[in-house]
Amino acid sequence: MSANKIQHKVNHVALVVDCSGSMRPHESQLIRVVDEFVAGLKAESDSLGHETRISLYSFDHKVENLVWDMDVKHLPSMRGLYRVNNGATALIEASLKSLDDLGHIWEEYGEHSFLQIVVTDGEENASGGDRRHDGDMTILGPWLDKITAKMGALPGHWTSAILVPNSLAKRTAQNYGFPAGNIAIWDADSQKGVEEAIGTVRAAATSFLRGREQGVRGTKNLFAVGQDISLDEVRANLEPIPANKYRLLKVDQEVEIRPFVNSHPGVTYERGSCYYQLGARAQVQLNKEVIVVEKDTDRAYTGDAARTLLFGTGIQGTVSVKAGNNPKLEVYVQSRSVNRKLKPKTRLLIML
């Protein structure tokens, strides 16, 4: 390869969506929000100058490829492609097939990265054509061996992630080999659940594409925010807050937000004036303001661009996020709750 040859970045994204009978209440909404997810991929890819290609799969007891490695600029609507059926849930088989299919892509030219995201509202009960509605999982062994071996052997420029409906399903996904930081829980029983789930996926995909600009080709901490932004980006895009307009308070033990604030001289709790430090996973409504703080200087920055910088463009509703590991920056999210529990070894920012 010549020294001046451009290694353009190529992203291969596979979205693998459950279409078993329990997804029926979400069918029309899922089509809309997946279309929005694809539009977000296109916008982010255009702004970064990447080539992004997408594959779509649906699965019940059978796995079907709906779109194969198509440029996101040309992808049609999911309408007419995605249909909910009455089948069971071949979760492992769908996860494996999409990974195996992507493995056939030629990578000789360009700098390629692969991102698989699986969305399910249930547990495995149908891989290999067998339906285990009675709870008998004894013959799952070979399939469990297959997926753990596949996940354990994924190259560093491959990222595999999953959205699951509850903590039990999260532990099961970890047993399959999905990294803990690449598993998020969504509310499969609420009307807004699908929209929030795809919002979470869209924010994660945005973070993934931006991470590519920093030289990151794969991650085991996909559903985190702030890890992929630099101090230069913050200073260039956000507005500094005057030092006399806010205070940072150290939290030593778990405590409710209102009595904690009122215990400090010179400040009184006012709804909307407090920002908790994002650490462990939290549900963040996108109408909440966000502040980014430099660790070394405690300088704070905010503005409408803060949400876009962290979550990407066009996301509505709620996203499920946790803080990524950024050595230079901390993320703070506005709280309007009078009884939010503050976590120890974090800080609280108060606007004065």
Side-chain angles (χ1 to χ4, degrees), residues 9 11 36-37 39-52 72 113 115 198-217 219 221-248 272-279 282-336 346-352:
K9 292 179 174 63
N11 310 300
E36 291 176 359
F37 164 68
L41 278 179
K42 177 184 179 299
E44 200 65 39
S45 298
D46 283 349
S47 70
L48 296 172
H50 293 193
E51 178 184 351
T52 298
V72 290
S113 282
L115 171 62
I198 297 298
T200 299
V201 169
R202 187 163 169 176
T206 295
S207 176
F208 177 82
L209 294 180
R210 292 176 181 173
R212 296 276 273 124
E213 290 296 291
Q214 310 296 326
V216 178
R217 296 180 66 191
T219 177
N221 205 23
L222 182 69
F223 296 117
V225 298
Q227 59 193 1
D228 57 319
I229 59 175
S230 69
L231 197 52
D232 288 341
E233 286 178 293
V234 168
R235 290 170 175 168
N237 293 285
L238 305 188
E239 304 161 12
I241 304 174
N244 64 347
K245 297 296 184 182
Y246 67 94
R247 280 180 61 181
L248 283 160
S273 67
C274 298
Y275 295 69
Y276 64 92
Q277 184 181 344
L278 185 62
Q283 301 291 326
V284 178
Q285 293 82 24
L286 292 186
N287 61 350
K288 298 292 180 64
E289 294 179 7
V290 177
I291 293 176
V292 180
V293 173
E294 288 185 38
K295 288 183 179 179
D296 289 345
T297 65
D298 283 347
R299 291 180 184 139
Y301 302 82
T302 192
D304 290 340
R307 290 189 296 274
T308 302
L309 196 61
L310 288 167
F311 304 121
T313 58
I315 299 173
Q316 300 176 354
T318 302
V319 291
S320 173
V321 292
K322 62 182 179 180
N325 182 25
N326 191 315
K328 295 185 178 295
L329 300 168
E330 294 172 341
V331 177
Y332 291 78
V333 178
Q334 186 180 36
S335 172
R336 298 192 181 101
T346 64
R347 295 195 292 177
L348 182 73
L349 186 149
I350 306 174
M351 296 296 296
L352 304 176

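Contact of the V290 side chain with the Y275 side chain is not registered, since no non-hydrogen atoms from C-beta on lie closer than 4.5 Å. Side-chain contact between H50 and E44 is absent, with no heavy-atom pair separated by less than 4.5 Å. Counting heavy atoms from C-beta outward, V293 and V331 have side chains that stay 4.5 Å or more apart. Annotation: side chain of K295 is not in contact with side chain of L329 (no heavy-atom distance under 4.5 Å). Residues Y301 and R235 meet the side-chain proximity criterion, which asks for heavy atoms closer than 4.5 Å. Contact of the E36 side chain with the R202 side chain is registered, since non-hydrogen atoms from C-beta on lie closer than 4.5 Å. Two residues are said to be in side-chain contact when any heavy atoms from C-beta on lie closer than 4.5 Å; I291 and M351 meet this criterion. When side chains are defined from C-beta on, L222 counts as touching F208, because their heavy atoms get closer than 4.5 Å.
At least one donor-acceptor pair closer than 3.5 Å links the side chain of S45 to the backbone N or O of L41. With S113 contributing its side chain and R217 its backbone, the two residues share a donor-acceptor pair below 3.5 Å.
Residue C274 comes nearest to I350 through the heavy atom pair SG-CG1, 4.3 Å, listed as atom of the first residue, atom of the second, then distance. In this structure, L209 and L48 approach most closely via the heavy-atom pair O-CD1, 3.6 Å. Closest approach of L278 and A323 over heavy atoms only: O-CB, 3.0 Å. Of all non-hydrogen atoms in K42 and V72, the two that sit nearest each other are CA-CG2, 3.8 Å. Scanning both residues, G324 and N221, for their nearest heavy atoms gives CA-ND2, 4.1 Å. Across every non-hydrogen atom of Y276 and Q334, the tightest pair is CE2-O, 4.0 Å.
Listed by chain and number, the residues in a side chain to side chain contact (heavy atoms under 4.5 Å, CB included) with S230 are D232, E233 (sequence neighbours excluded).
Comment: E330 engages R347 in a salt bridge, judged by a side-chain N to carboxylate O separation of less than 4.0 angstrom.
Distance check, rounded to the nearest 0.5 Å: OG1 of T302 to OH of Y332 gives 13.0 Å. How far CG of N11 is from CD of E51: 8.5 Å, rounded to the nearest 0.5 Å. Here the CG-CG distance, from N237 to L309, works out to 6.0 Å after rounding to the nearest 0.5 Å.
Here salt bridge (Lys or Arg N to Asp or Glu O under 4.0 Å) pairs that include residues 299-310, with residues two or more places apart or in two chains, are D304-R307.
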List the atom pairs, donor and acceptor, that lie under 3.5 Å between side-chain atoms in residues 238-246 and the rest of the protein, sequence neighbours left out.
residue, atom, partner, partner atom, Å
Y246, OH, D298, O, 2.6
Y246, OH, A300, N, 3.2

